[in-house]
Q: 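Questions regarding the structure given below will be posed in turn.
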There are 2 protein chains.
Amino acid sequence: MRKATLEEVASAAGVSKMTASRALRGTTDVSPETRAKVLQAAKQLSYVANRLALSMSAQRTKLVAVVVPSMSNIVFPEVMAGISAGLEGSGMQAVFGISDYDVDKEREVIRDMLSWQPSAIIVTGLDQPEDTRRMLKDADIPVIQIMDLDGEPVDHCVGLSQGGAGEDMARALIAAGRRRFGYIGSALNRDTRAEKRRRGFERVLDQHGLRFAAKHIDPGSSSIVLGKRLTMEMVKASAGLDCIYYSNDDMAAGGLFACMELGVSVPDEILIAGFNGLELAHALPVKIATSESSRREIGEIAARLVREATSGEGRSSKTVAFKPQIFGLPTT
Amino acid sequence: MRKATLEEVASAAGVSKMTASRALRGTTDVSPETRAKVLQAAKQLSYVANRLALSMSAQRTKLVAVVVPSMSNIVFPEVMAGISAGLEGSGMQAVFGISDYDVDKEREVIRDMLSWQPSAIIVTGLDQPEDTRRMLKDADIPVIQIMDLDGEPVDHCVGLSQGGAGEDMARALIAAGRRRFGYIGSALNRDTRAEKRRRGFERVLDQHGLRFAAKHIDPGSSSIVLGKRLTMEMVKASAGLDCIYYSNDDMAAGGLFACMELGVSVPDEILIAGFNGLELAHALPVKIATSESSRREIGEIAARLVREATSGEGRSSKTVAFKPQIFGLPTT
DNA sequence: TTGAAAGCGCTAACAA
DNA sequence: TTGTTAGCGCTTTCAA
């Protein structure tokens, strides 16, 4: 059976297209018998309205474009879940695109998303190159940049200072008495937010006359297994480390597992610190330090900003700042 | 700046809409100067083609609708990543919807997706109620059901036998010498695939004259923390268990962490078995048993089936079966 | 309460 | 090589 159109429903019901449209939407007065006939015909034909036509006609869609860098750990799926939940009941629908931490791909994905004429767009981070920023501005819809605060937003913004998160963690670890630091990360040339955290961390080390005694940045993508492997290598190669800072919690969890297998006591001998505040980090049998990245909440707030901005309430650009809290430090 | 239309680009370049269209797409011959003028005008105006209009005109979209039940663990994001990767280069774009393991919500999400006139639709599982199945059939596009094989596909299907996975795991654990089994799961009334695994497991237990000595099914959603809490309770309450089967790897990892904190030796005293073959399961310092669910591959194959079906190659319904392999059993 | 016409932005088909 | 016409499925006007 070919897809039924409104026209077909109308003729099956013996009325005009317009009457069928009105009956289906229930906006205007339609006589009860007519409405019944139309609904019956629609059901009979498995009629599903064509949103393409609807949006064309209305000159606007109910779409919210969302561009995230990755789906390979739980971080961005949680952001997306927050956005979906926050949009619920608004009639708006999120559409997702993945940029793979690649600026060129990101630009193409954004262009692609914009071609669907979304009502708003949510993108990850503030570090888009100028041409991408221009495209976002020229789209003439609300733009919400999420997760980061370190930079100049195109329009609205909700996130946390990534550099600040690195600084805070460094201060906390130094206050906890650690002095011989290692760093383990991955693909930092592409993940600009992890890079900002690392730089923030190093700024504070520097202020204290300290530096990373060992540093390993792998070109691969972040994962538990990678964190484990790099930690095995680092612990064997660099004796005397009392703390390792990781690019995120996945890597850090791998680090913990490496220490457990090597019989290195955590946190007594080595303190493990990550970033994100994943559920995993809270469930581990040995605590690792981590900063909460409030992913779900950021998604929900981004959705709220979209709703406000598209309902016309206030055209001014808003910024919502989260202050990442640190968990899992040993209580001395 | 309002969004520019082709019309505006054309008039800015001093040509007709059609010429502008041709210059932009590069399909037909356009004189070099004209093309240059048009491209220049398009760039100047930040022109982004309107896909709504394009799809309307072409009577078809390049969209593939994907409906998954959840985003709260890494399983479905990995499926989605596989689909996105598999679609790369085809010009097709995946659009995702979340059903929250709710059949009513699933029906509405599917209806919503269909209203965008996608070229194909991928849905999770085979257990849709009859009205949803009817809607899928009547959509008159390729339908791919993923993850499960136990049931009657609407059209194409790629997955693994969930009941069989449960059976296989039970056989393997019995072969490993275990006899006193516990079961820990969550929300099984909604996650029909986890329920199928549990039933498969119980069928084999039954064949061996065994049964679960303890069983706890929590109404909450699956998580590491929940698995940990339920395991703490079960281990304390039911002495003598030598194996616990979990609804998935998240719950099982929580179970392992509980055992570690309680000083229960894994796998000597209690063998922990989950499902999915998550990266986490492979990185843990103590191995847990798990069956590989080939999520990413299933996503990629689903994408391949979409490409084949939409390119018209063969209208026959295909089924691709995965045989889940078991990892992490203690080698005796 | 119902219907007819026009138009949303684009492209396929035909014409010049 | 370029332009004109018609139409994709729907809703918003305007009329009956």
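Numbered from 1 within each chain, the chains take letters A, B, ... in sequence-line order. Atom set for the values below is all heavy atoms of this structure, side chains included, hydrogens, waters and symmetry mates excluded.
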Q: Could you tell me which residues satisfy side-chain contact (heavy atoms from CB on, under 4.5 Å) with Ser90(B), sequence neighbours excluded, listed by chain and number?
A: Leu87(B), Met92(B), Arg307(B)
Q: Using the side chain to side chain donor-acceptor pair (under 3.5 Å) criterion, which residues pair with Ser294(A)? Sequence neighbours excluded.
A: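 With neighbours one apart ignored, the set is empty.
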Q: So, Arg190(A) and Asp100(A), do they make that salt bridge, N to O below 4.0 Å?
A: no
Q: With sequence neighbours excluded, tell me which residues meet salt bridge (Lys or Arg N to Asp or Glu O under 4.0 Å) with Asp155(A).
A: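 Asp155(A) satisfies salt bridge (Lys or Arg N to Asp or Glu O under 4.0 Å) with no residue once adjacent residues are dropped.
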Q: Under the rule for side chain to side chain donor-acceptor pair (under 3.5 Å), what residues qualify as partners of Arg296(A), not counting sequence neighbours?
A: Glu300(A)
Q: Under 4.0 Å from any atom of DNA chain C, heavy atoms only: list the residues of residues 33-41 of chain A that qualify, in numerical order.
A: Thr34(A)
Q: Could you tell me the boundaries of the chain A footprint on DNA chain C, defined by atoms under 4.0 Å from its heavy atoms?
A: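 On DNA chain C, the outermost contacted nucleotides are dT1(C) to dG9(C).
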Q: Check side chain to side chain donor-acceptor pair (under 3.5 Å) between Ser21(A) and all other residues, then give those that pass, not counting sequence neighbours.
A: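 Only Arg25(A) meet the side chain to side chain donor-acceptor pair (under 3.5 Å) criterion with Ser21(A).
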Q: Side chain to side chain donor-acceptor pair (under 3.5 Å) between Gln128(A) and Gln145(A): does it pass, once the steps are laid out?
A: CA-CA 10 Å; Gln128(A) 287 75 24; Gln145(A) 286 166 295; 3.0 Å; yes
Q: One character per nucleotide, please: for nucleotides 7-16 of chain D, 5' to 3', B when the base has a protein heavy atom closer than 4.0 Å, S when only the sugar-phosphate does, - otherwise.
A: BBBBBB----
Q: Could you tell me which residues satisfy side chain to side chain donor-acceptor pair (under 3.5 Å) with Ser31(A), sequence neighbours excluded, listed by chain and number?
A: Thr34(A)
Q: Please identify each residue that fulfils salt bridge (Lys or Arg N to Asp or Glu O under 4.0 Å) with Glu88(B), with sequence neighbours left out.
A: Lys105(A)
Q: Below the 4.0 Å mark, does dT1(D) have OP1 or OP2 next to a side-chain nitrogen or oxygen of Ser31(B)?
A: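 No, no such contact exists.
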Q: If you fit an axis to the five pairs at each end of the helix from dT1(C)-dA16(D) to dA16(C)-dT1(D), how big is the angle between those two axes, to 10 degrees?
A: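 One end axis against the other gives 40°.
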Q: Between Gln117(A) and Gln59(A), is any side-chain donor less than 3.5 angstrom from a side-chain acceptor?
A: no
Q: I'd like a table of donor-acceptor pairs (distance under 3.5 Å, sequence neighbours excluded) in which one partner is a side-chain atom from residues 66-74 of chain A, with atom names and distances.
A:
unit_1	atom_1	unit_2	atom_2	d
Ser70(A)	OG	Ser72(A)	N	3.0
Ser70(A)	OG	Ser72(A)	OG	3.1
Asn73(A)	OD1	Val75(A)	N	3.0
Asn73(A)	ND2	Asp250(A)	OD2	3.2

